[in-house]
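One structure is given below, encoded as structure tokens.
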Amino acid sequence: PMFVLSGELLNRFQMTDRLIALAQLMVGWIRGGLAHVNILASMLFAGVSGSIFGDLASIGTIMIPAMVRERYGRAFSAAVTASSALIGAIIPPSTIMVIIGAHLGLSVGALFAAGLLPGILIGLALMVVAYVQARRRKLGEIHRLPPPREATRIVLAAIPVLTVPVFLISGIVFGVFTPTEAGAAAVAYSL
């Protein structure tokens with residue numbers, strides 16, 4: 001619950017907007033840009049909240065209407081959002097991994113380390129599918145890259161949110177706090 005609370009706090013403090021702006025900067029210029037932004041924002045938010053439903057609630061409410069406005073279609077927008085939110089179960093700090101580790105006596109730090117690469121690969125695979133569909137069906141608009149000064153501002157604004165997963169994973173792996181305490185640390189860090 002603490003990981004979900006930290007994700008909700010970051011959403012209420014409009015930090016998820018910073019993640020979306022960073023994702024737009026990174027992949028918004030590719031065909032099907034908003035679909036890629038949706039997927040990348042879900043991956044970034046998964047690293048903060050670890051919650052599939054938190055991801056759906058925070059990213060979905062912003063991205064689905066934006067995608068519909070750019071003529072992606074409701075079904076495609078919902079499918080991209082739902083499938084990318086599932087990455088929250090794989091990319092650490094996944095609440096599901098914490099539960100599995102606690103019940104089976106497995107190292108949560110090891111589970112987190114094992115989930116990072118597959119989560120990234122699944123996200124990249126979703127982006128390939130989104131690109132092919134966007135190109136085939138001529139979905140979305142291609143956005144221009146912002147000027148370097150604006151791009152730097154976007155990256156710097158997103159750094160506090162991007163450090164949350166690093167803080168949590170390193171704290172668990174190096175034994176600073178347990179996975180349960182990591183949720184409380186994430187809430188404190190979010191505040």
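Basis for what follows: all heavy atoms, side chains included, without hydrogens, waters or symmetry-related copies.
Between M127 and L40 the shortest heavy-atom distance is CE-CB, 3.7 Å. The minimum heavy-atom distance linking V37 with V27 is given by the pair N-CG2, 3.7 Å. Here the shortest heavy-atom pairing between G115 and P92 reads C-CD, 4.1 Å.
Following chains of ILVMFWY side-chain contacts shorter than 4.5 Å, one can reach F13 starting from L5, so the two form part of one hydrophobic cluster. In the hydrophobic clustering of this structure, I99 does not group with V108; members are Ile, Leu, Val, Met, Phe, Trp, Tyr whose side-chain heavy atoms approach within less than 4.5 Å, directly or through other members. Placement of I96 and L111 within a single hydrophobic cluster is found when ILVMFWY residues are connected by side-chain heavy-atom separations under 4.5 Å, directly or transitively. Both I154 and L145 are part of a single hydrophobic cluster, where members link through side-chain heavy atoms under 4.5 Å apart.
Between L156 and I159, some side-chain heavy-atom pair lies under the 4.5 Å cut-off. Between V161 and L22 the shortest side-chain heavy-atom distance does not fall below 4.5 Å. Here the side chains of S84 and N38 are in contact, with some heavy-atom distance below 4.5 Å. Contact check for Y72 versus I64: no side-chain heavy atoms found under the 4.5 Å cut-off.
Between the side chain of H36 and the main chain of R31, a donor-acceptor pair closer than 3.5 Å is present. Looking at S83, its side chain does come within 3.5 Å of a backbone N or O of V80 through a donor-acceptor pair. With hydrogens and angles disregarded, a donor-acceptor distance shorter than 3.5 Å links the side chain of R18 to the backbone of A157.
Counted within 6.0 Å of CE on M26, heavy atoms from surrounding residues, nucleotides or ligands total 12 or fewer; the atom is thus considered open.
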